[in-house]
Amino acid sequence: PRSIFFSRHGESQFNVEGKIGGDSPLSERGMQYANKLPELITDNIGDAPLTVWTSTLQRTIQTAQFLPYNKLTWKSLDELDAGVCDGMTYEEIEQAYPEDFANRDEDKFNYRYRGGESYRDVVVRLEPVIMELERQENILIIGHQAILRCLYAYFHNLPHEDLPYIKIPLHTVIKLTPRAYGCDEERYTLPI
Ligand code: F6P
């Protein structure tokens, strides 16, 4: 059976600073993850064919850089667009837009950032990616937190209200193997 692997990019400079969105490079720890990822993947699938999908953002491309497989970048895999809040910390957002901050807490799936996107918007933009994923063999997606929550919820059939809270930790590969009913799942965390 074919497998779908998900991983967030390695820790980025913005992750370290607690800022959302942006297009920052990997931190030193993030680079260590990029360095160790090839061995984890090849130990897992041996010489089976695999294609790596990234977003257009440099933190995913850097994370994929040492993987010895064909790669494809998708604009549709870019992180949820936080609009006017892009590049801010959650604390700064709460200060600048207290009502928005409360509304997001109230209905995180439907909350749309000013000038940006909601999780619902992201689910819609991921439709073509999911269509293509369904047709492919082994795929590794190096993605972003919000994006991987949406893809994970699709394959596990999780409800919209739970989707924005799914835990997708850094430096962890999630392996999904679709079965007749549902998906088997394994997780591998690299100690970095
Ligand atoms: O902080 C990393 C990040 O990927 C941000 O770029 C993004 O806005 C956020 O996580 C999504 O998580 P949440 O919807 O819980 O704020």
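Small disclaimer: the values here were computed from a predicted structure and weren't measured. In each ligand, atom 1 is the first atom listed, and ligand 1 is the first ligand listed.
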Candidate list Thr172, Asn44, Asp43, test side-chain contact (heavy atoms from CB on, under 4.5 Å), partner Tyr188, passing option = Asn44
Member of Ile142, Val129, Thr60 meeting the side-chain contact (heavy atoms from CB on, under 4.5 Å) criterion with Trp53 = Val129
Heavy atom of [X] under 4.0 Å from ligand 1?
X: Ala82; value: no
X: Tyr90; value: yes
X: His144; value: no
X: Phe14; value: no

Does the ring center of Tyr111 lie less than 6.0 Å from the ring center of Phe109?
-> no
Considering only the protein, which heavy-atom contact is closest to [atom], and what is its distance?
atom: atom 3 (C) of ligand 1; value: Glu79 OE2, 3.6 Å
atom: atom 12 (O) of ligand 1; value: Gln145 NE2, 3.2 Å
atom: atom 8 (O) of ligand 1; value: Ile20 CB, 3.6 Å
atom: atom 2 (C) of ligand 1; value: Asn15 ND2, 3.8 Å

So, [X] and [Y]: side-chain donor and acceptor under 3.5 Å apart, yes or no?
X: Thr54; Y: Thr73; result: no
X: Ser118; Y: Asn110; result: no
X: Tyr119; Y: Arg149; result: yes

After noting the C-alpha distance and the side-chain angles of Tyr69 and Ile45, does the key distance pass the side chain to side chain contact (heavy atoms under 4.5 Å, CB included) rule?
-> CA-CA 12 Å; Tyr69 304 102; Ile45 65 162; 4.2 Å; yes
Greater than 12 external heavy atoms within 6.0 Å of Glu28's CD | no
Distance filter under 4.0 Å to Lys108 heavy atoms, resulting ligand 1 atoms | 13 (P), 14 (O), 15 (O)
Any atoms of ligand 1 less than 4.0 Å from a non-hydrogen atom of Gly21? List them with their elements.
-> 5 (C), 6 (O)
Pick one of side chain, backbone, both or neither for how Met88 approaches ligand 1, counting any non-hydrogen atom pair under 4.0 Å.
-> neither
Counting heavy atoms under 4.0 Å, the part of Arg149 that contacts ligand 1 is side chain
Looking at ligand 1, does any of its N/O atoms fall within less than 3.5 Å of an N/O of Arg8?
-> no
Output yes when the distance from some N or O of ligand 1 to some N or O of Arg104 is under 3.5 Å, and no in every other case.
-> yes
So which heavy atom on Pro178 is nearest to which on Cys183, and how close?
-> CA-SG, 3.8 Å
